[in-house]
Asks: 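Here's a structure for you.
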Amino acid sequence: MNIYEDLKWRGLINQVSDEDKVREYLNTPGAVMYCGFDPTAESLHVGNLVPLLCLVRMKRAGHHPLYLMGGATGRIGDPSGKDKERDLSDPEVMETRLEKIKAQVRRFVERNTGDRPDIVNNYDWTKDMTAIELLRDVGKHFTVNWMLQKESVKGRIDRDDVGISYTEFSYMILQSYDFYHLYRTRKCRLQIGGGDQWGNITAGCEFIRRRTAIDGEQAEAFALTFPLLTTASGKKFGKSEKGAIYLNAEVTSPYAFYQYFYNTDDRDVIRFLKLFTFLGSDDVAAMEKEMEEAPHLRPAQKRLAEEVTRMIHGQHELDRVLAASEALFGTGDLRKVDPATLRAALESAPHRHYAPGDVPDIAQMLVDLGLVPSKGQARKDIKAGGVYLGGERVAENQELAETDFLGGDLLVLRKGKKNYGLVTRG
RNA sequence: GGUGGGGUUCCCGAGUGGCCAAAGGGAACAGACUGUAAAUCUGUCGGCAUUCGCCUUCGGAGGUUCAAAUCCUCCCCCCACCA
């Protein structure tokens, strides 16, 4: 199956500039395509997984994907999909983030293709460009009238409570230049991205056509965007109670990462299997059938969580996460679980250590563990019956007993159904 | 630079001197029901305090008043239109 058909089957294609030509472009191995990632945070999040994964799919299909780091564009700020102007970040902060994301992309790609990714940074070809060059060589090919038609800009102009700065307005010009540059230097003729990137990408296609026309070439470039990720419940995909789910283990623990996918809504899980894993149609169909037969066992959710966690954190981390999940959600009594196993299982849960004489009351421990924002809230949760100690519901005003310490020095606290915290003393 | 409209607790958004820790909605959290799901129902939703209560908040800084998110002064920021 052509990679294009595969993407289509997965529901990964939202818009394509020219379906036939893109399919044809992807028919010959070695095609070059790119997708950009701006350093807007310390780490990529699950939302970035779709494009990232798509580039990997391309690689697996024998093509040559380019991973573009937005060292330059990140300094400007993309108005796409944003309803208000954003603050500019510090260049140094941006640089640090970019390095982290780069490392992350490298690890991910190596793990899933066995090859080093071809990473480029648009700062490299933009930093020495003069304002005059930009205005003459690039800006001249864009009419403001046309730029104003773009969704990202229009959305901001039409509203009477927000505006758009010239800086963000110019974003598409920079991104267009990137595409052109990659066409010139790397023969890249396809750019992929999220649904909100359509305007920016087609701007690039347009620019390539016009710019190359000057040299009598009239090159053609293509755009392909993914659908906006939605969840059945209407929640934003990739957001949990604790905030966005990131790919970096230091920001989102592998355990939380696994749990996020494990908790996928029934209505979304098959679609997500297609979007986030390499499973083919046979496997997916099998999962669908299993799920129908035994929905309460949630085979599809389990598979999804496993596949994605392995992809991002590796088999080793996955094994630990599985052990932890089993210990915490398994049927057994926590007291019967070996303390050492418990400790390992809760490794990615918040942890607090107290000296023997300094162990505070339960409410304070919940605060210290970060399970609740304040002591008052902790009391309220206890009162509501939402706090558990070693698997037993904590009563109001309950004092710690010596027997609560598993193995003599370990406390397992839980708020609600699945928020664990570990306390040790000694 | 001019004119007009704005800045309220996580978000949206009421609130024009005391009844305001501040309506309503959303989000979120907890409970019941379940399948670590969805839907539904209930409770909570600035901080501290077991109760009385105390403290901090309505862009910022001052001021008027027994009393200010609400009035006055200056300042900062955002938006629209005009120049």
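Here is how names work: the chains are called A, B, and so on, in the same order as the sequence lines, proteins then strands, and each is numbered from 1.
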Asks: Between B:C45 and B:G24, how far apart are the two P atoms, rounded to whole Å?
Replies: 12 Å
Asks: Examine A:Phe257 together with A:Tyr246 and report whether their ring centres are nearer than 6.0 Å.
Replies: no
Asks: Is there a Watson-Crick or G-U wobble partner for B:U9 with both distances under 3.5 Å, and if so, which one is it?
Replies: none
Asks: Applying a 3.5 Å limit to both distances, which nucleotide forms a Watson-Crick or G-U wobble pair with B:C52?
Replies: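 Its partner: none found.
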Asks: With C1' as the reference atom in both, quote the distance from B:A14 to B:G6 in angstrom, rounded to an integer.
Replies: 15 Å
Asks: For A:Gln259 and for A:Val367, locate the closest nucleotide of RNA chain B by heavy-atom distance; then report the residue assigned to the nucleotide nearer the 5' terminus.
Replies: A:Gln259
Asks: For A:Arg414 and B:U36, is the shortest distance between a side-chain N/O and OP1 or OP2 below 4.0 Å?
Replies: no
Asks: Does B:G46 have OP1 or OP2 under 4.0 Å away from a side-chain N or O of A:Ser374?
Replies: no
Asks: For A:Tyr34 and A:Phe179, I'd like to know if the aromatic rings sit close, meaning centre-to-centre distance below 6.0 Å.
Replies: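 Distance test on ring centres: under 6.0 Å, yes.
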Asks: Quickly work out the A:Lys380 NZ to B:A49 C1' distance and round it to whole Å.
Replies: 12 Å
Asks: Between B:G31 atom P and A:Lys415 atom NZ, what is the distance in whole Å?
Replies: 9 Å
Asks: Can you tell me how far apart CD (A:Gln104) and OH (A:Tyr67) are? Round to the nearest 0.5 Å.
Replies: 13.5 Å
Asks: Verify the contact: side-chain N or O of A:Asn263 to OP1 or OP2 of B:G35, cut-off strictly under 4.0 Å; return yes or no.
Replies: no
Asks: Under 4.0 Å between a side-chain N or O of A:Tyr255 and OP1 or OP2 of B:U36?
Replies: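 Checking A:Tyr255 against B:U36: no side-chain N or O falls below 4.0 Å of OP1 or OP2.
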Asks: So, does the side chain of A:Lys417 form a donor-acceptor pair with the base of B:U34 at under 3.5 Å?
Replies: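 Such a pair is found, so the answer is yes.
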Asks: On RNA chain B, compare the nucleotides closest to A:Ala384 and A:Gln364; which residue's is nearer the 5' end?
Replies: A:Ala384
Asks: For a side chain to side chain donor-acceptor pair (under 3.5 Å) with A:Gln197, tell me which candidate from A:Asn14, A:Asp78, A:Thr202, A:Thr225 qualifies.
Replies: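 When side chain to side chain donor-acceptor pair (under 3.5 Å) is applied between A:Gln197 and each of A:Asn14, A:Asp78, A:Thr202, A:Thr225, only A:Asp78 qualifies.
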Asks: I'd like the C1' distance from B:C20 over to B:U57, given in whole Å.
Replies: 12 Å
Asks: Need the pair for B:C74. Rule: Watson-Crick or G-U wobble, both distances under 3.5 Å, any strand; none if unpaired.
Replies: B:G60
Asks: Measure CG/A:Asp381 against C1'/B:A28 and give the value in whole Å, please.
Replies: 12 Å
Asks: Cation-pi check, A:Arg425 to A:Tyr354: give yes when NZ or CZ is under 6.0 Å from the six-membered ring centre and within 45° of the ring axis, no otherwise.
Replies: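 So A:Arg425 doesn't make the cation-pi contact.
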Asks: Going by distance alone, is a donor N or O of one side chain under 3.5 Å from an acceptor N or O of the other, for A:Thr424 and A:Asp409?
Replies: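 Their side chains do not contain a donor-acceptor pair, so the 3.5 Å distance test is not met.
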Asks: What distance, rounded to whole Å, do you find between the two P atoms, one in B:C19 and one in B:C55?
Replies: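 About 16 Å, rounded to a whole number of Å.
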Asks: Starting at atom CZ of A:Arg379, determine the distance to atom C1' of B:G47, rounded to an integer number of angstrom.
Replies: 11 Å
Asks: CE of A:Met291 versus C1' of B:A37: gap in Å, rounded?
Replies: 10 Å
Asks: Please state how far atom OH in A:Tyr262 lies from atom C1' in B:A37, giving the value in whole angstrom units.
Replies: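 Distance, rounded to whole Å: 10 Å.
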Asks: Please check the phosphate of B:A37 (OP1 and OP2 only) for any side-chain N or O of A:Lys418 closer than 4.0 Å.
Replies: yes
Asks: Taking any strand in view, what nucleotide pairs with B:A30 in a Watson-Crick or G-U wobble way, both distances under 3.5 Å?
Replies: B:U42
Asks: Could you tell me which nucleotide pairs with B:U16 by Watson-Crick or G-U wobble geometry, both distances under 3.5 Å, or answer none if nothing does?
Replies: none
Asks: Given the C1' atoms of B:C12 and B:G2, what is the spacing between them in whole Å?
Replies: 32 Å
Asks: Picking from A:Tyr183, A:Trp146, A:Phe142, what satisfies ring-ring contact (aromatic ring centres under 6.0 Å, His included) with A:Phe207?
Replies: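 Considering A:Tyr183, A:Trp146, A:Phe142, a ring-ring contact (aromatic ring centres under 6.0 Å, His included) with A:Phe207 is found only for A:Phe142.
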Asks: Round to a whole Å and report the spacing from CG of A:Leu297 to C1' of B:U34.
Replies: 14 Å
Asks: I'd like the C1' distance from B:A68 over to B:U56, given in whole Å.
Replies: 16 Å
Asks: In whole angstrom, give me the gap between the C1' atoms of B:U42 and B:G47.
Replies: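 Comparing C1' positions in B:U42 and B:G47 gives a spacing of 26 Å.
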Asks: For atom C1', what is the distance between B:G17 and B:G26, given to the nearest Å?
Replies: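 Their C1' atoms lie roughly 31 Å apart.
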Asks: Find the partner of B:G1: check Watson-Crick (N1-N3 plus N6-O4 or O6-N4) and G-U wobble (N1-O2, O6-N3) distances, both under 3.5 Å, and reply none if neither fits.
Replies: B:C82
Asks: Whole-Å distance between B:A30 P and A:Tyr420 OH?
Replies: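 Atom-to-atom, A:Tyr420 to B:A30, this comes out as 13 Å.
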